[in-house]
Number of protein chains: 2
Amino acid sequence: MNIGNVSNLSGLPVKTIRYYEDIGLVSPLRDSNGYRAFREKELHKLAFLGRARSLGFTIEDCRALLALYDDETRASADVKSIANEHLEQIETKISGLEAMRDTLSHLIHECAGDHRPDCPILKDLGAFKN
Amino acid sequence: MNIGNVSNLSGLPVKTIRYYEDIGLVSPLRDSNGYRAFREKELHKLAFLGRARSLGFTIEDCRALLALYDDETRASADVKSIANEHLEQIETKISGLEAMRDTLSHLIHECAGDHRPDCPILKDLGAFKN
DNA sequence: GATAGGGGTTCCAGTAAGTGGAGGGTCAAG
DNA sequence: CTTGACCCTCCACTTACTGGAACCCCTATC
């Protein structure tokens, strides 16, 4: 299977697939013309990667997960531990963003948003917070 | 005022302050020995930047906000519009992360997390989703 | 006067995860 | 035989810094 085909099936851009080969996440064979020749195995791995990335796992997480995916003797605890750590990071990120959102929406609410220069948003940003 | 001093007062790392000069966000004078000499004005700008960045504004947003901050004849509507757009992006990000969190925590819940290889997390990641 | 420390300076390289483009080879159809 | 859709490699760029090397400046101490 050629890269364009795999791209369609996996939903990953061609460029991304080449990049994943570059960093060693997949290792397709090559045809005599130099074209990448993907097997089912690689297609599955790429779909796996796409899904894992869409859940926000880092590439290094993906690498570890893929190794576990390949390893028939894995312990599910190892997978769960990676997922749990990632979940915590997501929750931390959400909290941070929610704090930003709350502050910002409060400031926006205060701002008249007209032709006048007075602006609580700028006033807040310009104030020292210690 | 030297850079270390400004760093302490603004809370920004020295490296970051130099970087902000590099990209034209602040323009401190120079002493005869080549040291940056910051005035009150720059200190305020740097504090402004730190605060704006902590609310998640991009550097380019900060550049625009700083220009409005400097402009006594600004319209608060311009500030509000930047802030509103940013707020929307934050909300989009939060939604995305919440979706990840929900999927992931569901999968984690399903996974036994023991020595056995069976793992709903890997199973889900490996499945094609169309 | 030499030296040690704690400032400061510049410039180069690297981070995460791709994306865009240049320049060029390959293949099937008309 | 040419056209258009593929494919290839390699390089540069993105965001917002961060780390490090190599070097200068200032003050205090031996």
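Every heavy atom of this structure was used, including side-chain atoms; hydrogens, water molecules and symmetry mates were not. Each chain gets a letter, A, B and so on, in the order the sequences are listed, and its residues count up from 1. As the structure is a prediction and not an experimental result, all values here were calculated from the model.
- Leu25(B) places its CG atom 13 Å from the P atom of dT15(D), with the value rounded to the nearest Å.
- Between Glu42(A) and Lys45(A), none of the side-chain N atoms (NZ, or NE/NH1/NH2) sits under 4.0 Å from a carboxylate O, so this pair counts as no salt bridge.
- One interatomic measurement links the two molecules: OH of Tyr20(A) to P of dA17(C), which rounds to 8 Å at whole-angstrom precision.
- You'll find the side chain of Leu122(B) reaches within 4.5 Å of the side chain of Phe48(A), heavy atoms only.
- Rounded to an integer number of Å, the gap from Tyr19(A) OH to dC10(D) P is 16 Å.
- Atom CD1 in Ile23(A) sits about 10 Å away from atom P in dA16(C), given to the nearest Å.
- Using a 4.0 Å cut-off, no side-chain N or O of Tyr35(A) falls inside it from OP1 or OP2 of dC27(C).
- Checking Phe57(B) against Asn33(B), the closest nucleotide of DNA chain D that is more toward the 5' end is the one next to Phe57(B).
- In this structure, Asn2(B) places its CG atom 19 Å from P of dC24(D), rounding to the nearest Å.
- Of the side-chain N and O atoms in Thr16(A), one or more sit less than 4.0 angstrom from OP1 or OP2 of dT19(C).
- Atom CG of Asp31(B) is separated from atom P of dT9(C) by 9 Å (rounded to the nearest Å).
- Among the nucleotides dG18(C), dT9(D), dC17(D), the one closest to any side-chain atom of Arg30(A) is dT9(D).
- Comparing Thr58(B) and Val14(A) along DNA chain D, the residue whose closest nucleotide (by nearest heavy atom) sits nearer the 5' end is Val14(A).
- Side chains of Ser76(B) and Asp114(A): a donor-acceptor N/O pair is present below 3.5 angstrom, by distance only.
- A salt bridge does not link Glu21(B) with Lys15(B): every distance from a Lys NZ or Arg NE/NH1/NH2 to an Asp or Glu carboxylate oxygen is 4.0 Å or more.
- Rounded to an integer number of Å, the gap from Asn5(A) CG to dC27(C) C1' is 15 Å.
- Separation of atoms CZ (Arg36(B)) and CG (Asn5(B)) is listed at 14.5 Å; rounding is to 0.5 Å.
- Put simply, Arg18(B) has no side-chain N or O that comes within less than 4.0 Å of OP1 or OP2 on dG19(D).
- Within the 4.0 Å cut-off from OP1 or OP2 of dT26(C), not a single side-chain nitrogen or oxygen of Arg36(A) is found.
- Nucleic acid contact for Ile3(B): sugar-phosphate only, since backbone atoms but no base atoms lie under 4.0 Å from a heavy atom of the residue.
- With distances taken from any side-chain atom of Arg53(A) to the nucleotides dT19(C), dC11(C), dG18(C), the minimum falls on dG18(C).
- For the pair Ile17(B) CD1 and dT18(D) P, the interatomic distance rounds to 11 Å; values are reported in whole Å.
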